[in-house]
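To start, the structure itself, in structure tokens.
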Amino acid sequence: MSAPRVRFAPAPTGFLHVGSARAALFNWMFARHTGGTFVLRIEDTDPARSRDELVEGIERTLHWLGLDWDEGPYRQSTRMHLYAEAAARLLAEGRAYWCDCSREAIDARTPPGAPPGYDGFCRERGLERSAETALRLHLPDEGETVVHDLIRGDVHFDHATLEDVVIQRRDGTPTFLLANAVDDADMAISHVIRGEDLLPSTPKVLLLRQALGNLEVPIFAHLPLLVDDKRAKLSKRRHAIAVEDYRDQGYLPEALRNYLALLGWAPPDGREIVPLDEMVEAFEVEAVNKAPAFFDTVKLAHVNARYLRALPVATFVRESLPWLMQDPPWPPERLDPAVFEAVAPLVQERVQTLGEVPAMVDFLFLEEPCIDDESWAKAVTGLPEAGAVLDDAIAAFESCPWEAEAIHQATSDVAVGHGLKLAKAQAPIRVAVTGRRVGPPLFESLQALGRAPTLERLRAARRRWASEQSPTPSP
RNA sequence: GGCCCCAUCGUCUAGAGGCCUAGGACACCACCCUCUCAAGGUGGCGACACGGGUUCGAAUCCCGUUGGGGCUGCCA
């Protein structure tokens with residue numbers, strides 16, 4: 001048997017749906033695993049979707065995900081003559097006919113309670129082509145078509161339940177069924193791997209191919225759908241479903257790719273974080289699950305965090321920089337890459353996405369820390385010794401060596417002096433300097449910030465504390 | 001309504017008749033570690049939808065029920 005040929009055939013919509021991305025990934029893994037050919041085909045028969053930038057967007061996003069293709073992108077918009085020729089042949093051979101029924105007319109003919117759908121009204125009317133007619137394929141009324149599916153087994157469709165479908169619109173453009181059937185045959189696609197939502201249309205494509213005289217029948221693999229928390233197909237309305245959305249939130253392509261591979265399939269040995277080449281080696285379409293999978297962003301975030309932590313620090317720094325430079329909450333010129341580098345290893349194991357990086361280090365670049373009210377109340381107002389702790393810290397920090405270990409020691413001494421645990425004593429200092437109760441390790445943070453800014457912030461906090469202690473004088 | 005698909009912890013899954021007192025991961029809870037938060041470690045909670053078969057034996061095979069989903073466009 002010759003090497004498999006598979007294709008990813010998206011319609012350009014301006015973004016890449018995560019479900020499509022997964023279909024692309026599975027096709028790609030299948031091709032790479034089998035030594036087959038991965039074809040990219042853009043289904044842009046609809047003129048409104050045939051814009052160059054939309055196609056380029058798909059290419060860019062696939063590349064971002066690390067998926068490359070061996071052929072294409074073919075664009076259906078440049079192959080319209082093939083579909084027109086096929087339609088003409090079907091018409092000439094009496095396998096298709098013109099129909100001028102509107103949706104309303106079809107519905108009006110449907111008796112109450114009867115299943116809706118086209119009834120073959122125009123089959124024998126002998127209509128000519130006009131501005132009012134679309135071309136329908138005459139499907140058989142008897143018999144059945146069997147779809148051979150590597151994931152679902154053989155699926156049988158009774159021809160009596162199939163309606164004659166439109167294959168060419170009034171304006172002469174082909175519907176996806178026609179373009180799809182023609183191209184898969186023309187491009188010698190051997191395995192069609194796509195979403196399960198396309199399963200019901202499969203017998204029609206097969207019948208169409210047969211009418212066109214294609215004797216080859218591709219093998220199918222219908223992937224389980226990606227669903228939301230309510231088990232419904234992911235919709236654009238309610239979810240972030242564009243691959244680009246995740247990219248913009250600071251997800252790593254290898255993490256998203258790895259997570260996507262986990263939906264409907266499981267790498268061997270129960271491992272979940274698996275390098276691409278090992279995925280490719282282990283991938284088998286037959287092993288793909290049948291049940292729909294919930295696209296769980298919580299787990300995606302975990303996978304991303306794992307990849308983030310595994311990055312060499314220098315790479316993490318490089319990847320973080322764009323997030324630190326774009327719309328920062330601090331004056332842009334205050335960003336000091338060297339300062340960020342100093343704390344980067346500490347930040348790296350505390351974020352799940354690159355998008356979280358700025359908030360974790362904002363205190364280093366802000367003129368003044370943005371003090372969180374709740375943190376202040378808990379760590380400063382709520383600690384009777386807060387004022388004294390700040391005083392002692394100021395005194396100690398003025399002279400101690402400006403190095404994390406020494407700052408740590410000095411702070412421990414302050415804590416001991418007040419009979420406090422270090423955890424308690426460091427809290428007001430942390431809030432005074434960083435504005436929050438949580439963040440990267442304090443002493444390394446102070447070292448990176450520098451002695452002068454640290455003292456300044458501590459004194460400011462001390463003043464605020466004092467003003468809150470004395471009752472505000474009434475006018 | 002019709003056609004089609006699906007059904008293991010909350011979620012993603014392992015499981016292809018005895019290895020299952022059903023394994024792992026995420027999430028959650030507790031403890032340990034600890035300057036906060038993470039990370040890490042340990043432990044815990046937690047599932048074979050239901051009913052019939054087949055079989056010495058069923059999460060695994062068959063049938064039915066129930067539940068969920070998809071399709072039913074001159075979108076793809």
Side-chain angles (χ1 to χ4, degrees), chain A residues 9-13 20 43-46 48-49 99 101-103 110 112-118 133-136 147 149 151-152 155-158 160-163 165-171 173-177 179-180 194-203 222 224-225 227 229-233 259 262-273 287 289-296 298-303 305-306 309 346-352 360 375 379 407-408 411-412 415 421-427 429-431 434 436-445:
Chain A
T13 54
S20 299
E43 308 226 320
D44 59 348
T45 55
D46 182 350
R49 293 185 174 183
C99 167
C101 297
S102 64
R103 192 71 239 169
T110 313
Y118 187 67
T133 55
L135 193 65
R136 280 189 193 269
V147 176
D149 192 296
I151 296 172
R152 284 151 221 287
V155 184
H156 298 247
F157 292 89
D158 188 339
T161 66
L162 267 25
E163 305 157 24
V165 287
V166 170
I167 55 174
Q168 191 180 71
R169 306 183 188 100
R170 288 169 203 223
D171 63 5
T173 58
T175 62
F176 108 100
L177 232 38
N180 206 270
R194 28 122 82 152
E196 191 197 343
D197 49 344
L198 270 342
L199 183 51
S201 72
T202 307
H222 285 95
L225 254 25
V227 298
D229 56 339
K230 298 191 178 57
R231 306 252 110 209
K233 193 161 91 163
Y259 176 65
L262 258 24
L263 295 177
W265 181 66
D269 308 329
R271 285 192 308 154
E272 294 194 320
I273 308 297
N289 284 140
K290 301 179 178 108
F294 171 48
F295 186 78
D296 186 359
V298 173
K299 181 139 185 179
L300 204 211
H302 170 261
V303 172
R306 294 270 298 261
R309 270 181 265 129
L346 306 172
V347 173
Q348 188 173 4
E349 66 173 27
R350 286 172 171 75
V351 292
Q352 292 199 299
M360 188 122 313
S375 293
I407 301 171
H408 186 163
T411 309
S412 291
K421 290 212 164 167
L422 182 52
K424 275 278 187 202
Q426 62 92 40
I429 299 172
R430 179 185 291 278
V431 173
T434 74
R436 301 188 203 88
R437 270 176 306 158
V438 303
L442 183 60
F443 311 116
E444 286 81 352
S445 296

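Just so it is clear: chains get the letters A, B, ... in the order the sequence lines come, proteins before strands, and each one is counted from 1. None of these values were measured; they are calculated from a predicted model.
Across C6(B) and U13(B), the matching P atoms stand 15 Å from one another, rounded to whole Å. As rounded to the nearest Å, G53(B) and G17(B) have P atoms that lie 23 Å from one another. When the P atom is used for both U60(B) and C4(B), the distance is 24 Å, rounded to whole Å. Comparing G23(B) with G46(B), their C1' atoms sit 14 Å apart, to the nearest whole Å. Here the separation of G51(B) from U42(B), taken at their P atoms, is 38 Å to the nearest Å. One C1' atom belongs to G44(B), the other to A49(B), and the distance between them is 26 Å to the nearest Å. On the C1' atoms, A47(B) is 13 Å away from C12(B), given to the nearest whole Å. A distance of about 16 Å separates the C1' atoms of A39(B) and C26(B), rounded to the whole Å.
With rounding to whole Å, Asp149(A) atom CG is found 18 Å from G70(B) atom P. The interatomic distance linking Leu300(A) (CG) with A25(B) (P) rounds to 19 Å, in whole Å. Between Arg194(A) atom CZ and C71(B) atom C1' the separation is 12 Å, expressed in whole Å.
At distances below 3.5 Å, at least one donor-acceptor pair connects side-chain atoms of Asp171(A) with backbone N or O atoms of Thr173(A). Proximity of a side-chain donor or acceptor of Arg350(A) to a complementary backbone N or O of Leu346(A) within less than 3.5 Å is detected. Checking side-chain atoms of Asp158(A) against main-chain N and O of Ala160(A) turns up a donor-acceptor pair under 3.5 Å. Distance alone, capped at 3.5 Å, places no donor-acceptor pair between the Tyr259(A) side chain and the His302(A) backbone. Using a distance-only test at 3.5 Å, with no hydrogens or angles considered, no donor-acceptor pair links the side chain of Arg436(A) to the main chain of Val431(A).
The nucleotide A58(B) finds no pairing partner, because no Watson-Crick or G-U wobble arrangement with both distances shorter than 3.5 Å includes it. Base pairing of C71(B) is made with G2(B), judged by Watson-Crick or G-U wobble geometry with both donor-acceptor distances under 3.5 Å. For A30(B), the paired nucleotide is U42(B), the pair qualifying as Watson-Crick or G-U wobble because both relevant distances are below 3.5 Å. When both pairing distances are held under 3.5 Å, G64(B) makes a Watson-Crick or G-U pair with C50(B). C9(B) makes up no base pair with any nucleotide shown, lacking Watson-Crick or G-U wobble contacts both under 3.5 Å.
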Any protein N or O atoms within reach of nucleotides 59-67 of chain B? Criterion: under 3.5 Å, listing atom names and distances.
none

Check nucleotides 72-76 of chain B against the protein and report each pair of N or O atoms closer than 3.5 Å, with its distance, or say if there are none.
residue, atom, partner, partner atom, Å
U72(B), O2', Glu163(A), OE2, 3.3
G73(B), OP2, Arg103(A), NH1, 3.2
G73(B), OP2, Arg103(A), NH2, 3.2
C74(B), O2, Arg170(A), N, 3.0
C74(B), N3, Arg170(A), NE, 2.7
C74(B), N4, Arg170(A), NE, 3.3
C74(B), N4, Arg170(A), NH2, 3.1
C75(B), OP2, Arg169(A), NE, 2.1
C75(B), OP2, Arg169(A), NH2, 3.3
C75(B), O3', Arg169(A), NH2, 3.2
A76(B), OP1, Thr45(A), OG1, 3.1
A76(B), OP1, Arg169(A), NH2, 2.3
A76(B), OP2, Arg169(A), NH2, 2.9
A76(B), OP2, Phe176(A), N, 3.2
A76(B), O3', Glu43(A), OE1, 3.0

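Listed by chain and residue number, Lys299(A) satisfy the salt bridge (Lys or Arg N to Asp or Glu O under 4.0 Å) test with Glu272(A) (two or more places apart in sequence, or in another chain). Here Arg194(A) pairs with nothing under the salt bridge (Lys or Arg N to Asp or Glu O under 4.0 Å) rule; sequence neighbours left out. The side chain to side chain donor-acceptor pair (under 3.5 Å) test applied to Gln168(A) returns no partner, not counting sequence neighbours. Partners of Phe443(A) by ring-ring contact (aromatic ring centres under 6.0 Å, His included), not counting sequence neighbours, listed by chain and number: His408(A). Residues forming a side chain to side chain donor-acceptor pair (under 3.5 Å) with Glu43(A) (at least two apart in sequence, or on another chain): Arg41(A), Gln76(A), Asn180(A). Residues meeting the side chain to side chain contact (heavy atoms under 4.5 Å, CB included) test with Ala11(A), sequence neighbours left out: Arg49(A). In this view, Asp44(A) and Arg75(A) satisfy the salt bridge (Lys or Arg N to Asp or Glu O under 4.0 Å) rule, not counting sequence neighbours. With sequence neighbours excluded, the residues satisfying salt bridge (Lys or Arg N to Asp or Glu O under 4.0 Å) with Asp197(A) are Lys233(A).
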Nucleic acid footprint by protein, nucleotides 2-17 of chain B - heavy-atom cut-off 4.0 Å, B for base, S for sugar-phosphate alone:
-SSBSS---SBSS---
Could you run down nucleotides 28-39 of chain B 5' to 3' and tag each one B, S or - for protein heavy-atom contact under 4.0 Å?
-------BBBBS
May I have the step-by-step check of side-chain contact (heavy atoms from CB on, under 4.5 Å) for Leu177(A) and Ser201(A), ending in yes or no?
CA-CA 8 Å; Leu177(A) 232 38; Ser201(A) 72; 4.3 Å; yes
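Between the side chains of Thr434(A) and Arg430(A), no donor-acceptor pair of N or O atoms lies under 3.5 Å.
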